[in-house]
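Since this is a predicted model, take the numbers as computed values, not measurements. Just so it is clear: chains get the letters A, B, ... in the order the sequence lines come, proteins before strands, and each one is counted from 1.
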Protein chains: 2
Amino acid sequence: MLAAMQDHPPPRETNPELDKLVTEIIGRVADKWTMLVLEILTENERLRFTRIAEQLEGISQKMLTKTLRQMERDGLLQRTVYPVVPPHVEYQLTELGLSLSAAFCGVWMWAEKNRGELLRARAQFDATPAAGVPQPRVAV
Amino acid sequence: MLAAMQDHPPPRETNPELDKLVTEIIGRVADKWTMLVLEILTENERLRFTRIAEQLEGISQKMLTKTLRQMERDGLLQRTVYPVVPPHVEYQLTELGLSLSAAFCGVWMWAEKNRGELLRARAQFDATPAAGVPQPRVAV
DNA sequence: CGGCATCCTCCTGGATACTG
DNA sequence: CAGTATCCAGGAGGATGCCG
């Protein structure tokens with residue numbers, strides 16, 4: 001399986017401007033909260049503000065609002081307001097959002113599958129005698 | 001938080017602690033510079049510090065060092081020091097790093113494929129009369 | 001050349017309080 | 001309930017200087 005991975009074809013960008021744009025998109029989209037909202041809304045297709053907040057324990061209301069606004073702006077989700085009292089707002093992913101969610105699936109699986117190895121690597125790295133000054137492989 | 005989920009949705013995490021760990025990993029790994037270094041080292045399998053810096057125009061030496069250290073700690077790349085003067089240090093991805101690079105491939109392709117639609121969505125969103133107060137879809 | 005240390009600035013993001 | 005507005009602390013990260 002690892003062997004099959006060695007010839008993985010990287011989606012190569014050679015155009016500087018395009019590359020920059022793509023990078024910018026990645027930077028915006030590969031944010032922790034964005035990914036989690038994507039995940040939550042993939043499972044429950046329609047949710048209101050508070051419901052999302054409940055599943056993101058640790059996020060502040062400010063960050064959630066900001067994250068949802070950004071995602072809406074980027075066309076990843078749609079915001080629906082029901083003009084009632086008290087206010088009722090629902091969020092759901094667009095086709096674009098769903099496709100991004102699918103794209104991130106690989107990364108999620110990677111994280112789940114390799115968390116052990118990653119933690120092991122960390123532990124080993126941190127176990128070096130001189131803290132902060134790791135012992136890199138030295139070659140001649 | 002996810003306590004009320006006794007059933008098993010698609011291919012998802014239902015264990016809170018696991019979910020948290022995976023989330024933490026995602027958060028660390030889904031960083032802009034990390035992704036770019038991953039990309040660069042996928043193409044050129046061995047590069048020294050300055051060569052990497054050249055391809056990451058805009059990054060400070062401090063950030064590059066930090067990024068490389070984190071990646072080394074997480075077992076994504078290997079650092080090789082040649083004890084000569086002047087110093088010569090090379091970096092190359094490990095199997096783990098290569099597999100992560102492959103996992104991100106999908107997101108990269110998504111960004112390239114959908115950048116147009118994303119920009120269009122943004123433009124439309126920004127074109128709303130009251131800036132900052134978008135006109136969400138209102139339902140009854 | 002690679003990289004650590006220091007200083008300093010800016011932005012992120014949390015806490016809180018107030019509305020429609 | 002779903003925000004917006006304000007204040008404020010802490011960390012991210014750039015610039016500079018020195019060293020092996």
Roughly, in whole Å, what's the span from [atom1] in [X] to [atom2] in [N]?
{"X": "A/H88", "N": "D/dG3", "atom1": "NE2", "atom2": "P", "answer": "11 Å"}
{"X": "B/E54", "N": "C/dC1", "atom1": "CD", "atom2": "P", "answer": "10 Å"}
{"X": "B/E90", "N": "C/dC1", "atom1": "CD", "atom2": "P", "answer": "15 Å"}
{"X": "A/Y91", "N": "D/dG3", "atom1": "OH", "atom2": "C1'", "answer": "8 Å"}
{"X": "B/L64", "N": "C/dC1", "atom1": "CG", "atom2": "C1'", "answer": "13 Å"}

Please tabulate, for the side chains in residues 58-66 of chain B, all donor-acceptor contacts under 3.5 angstrom to protein atoms that are two or more places apart in sequence or on a different chain.
{"from": "B/S60", "atom 1": "OG", "to": "B/M63", "atom 2": "N", "distance (Å)": "3.2"}
{"from": "B/T65", "atom 1": "OG1", "to": "B/Q61", "atom 2": "O", "distance (Å)": "3.0"}

Can you list the residues that meet the salt bridge (charged side-chain N to carboxylate O under 4.0 Å, His left out) rule with [X], with sequence neighbours excluded?
{"X": "A/R46", "result": "A/E90"}
{"X": "B/E24", "result": "A/R122"}
{"X": "B/E54", "result": "B/R51"}

_Which nucleotide in C/dG3, D/dA2, D/dT4 has an atom nearest any side-chain atom of B/R79_ = C/dG3
_Strictly below 4.0 Å: does A/R69 bring a side-chain N or O up to OP1 or OP2 of D/dG3?_
yes
*Taking only the side-chain nitrogens and oxygens of B/R48, find out if one of them lies under 4.0 Å from OP1 or OP2 of C/dC1.*
no
_What contact category does B/P87 fall into here, base, sugar-phosphate, or nothing, at under 4.0 angstrom with non-hydrogen atoms?_
base
*Aromatic rings B/H88 and B/Y82: how do their planes relate, parallel, tilted or perpendicular, breaks at 30° and 60°?*
perpendicular
_Annotated protein contacts, base or backbone, on nucleotides 7-18 of chain D with a non-hydrogen cut-off under 4.0 Å, one of B, S, - each_ = B-----BBB---
*Which residue pairs pass the salt bridge (Lys or Arg N to Asp or Glu O under 4.0 Å) test with at least one member in residues 101-111 of chain A, sequence neighbours excluded?*
none
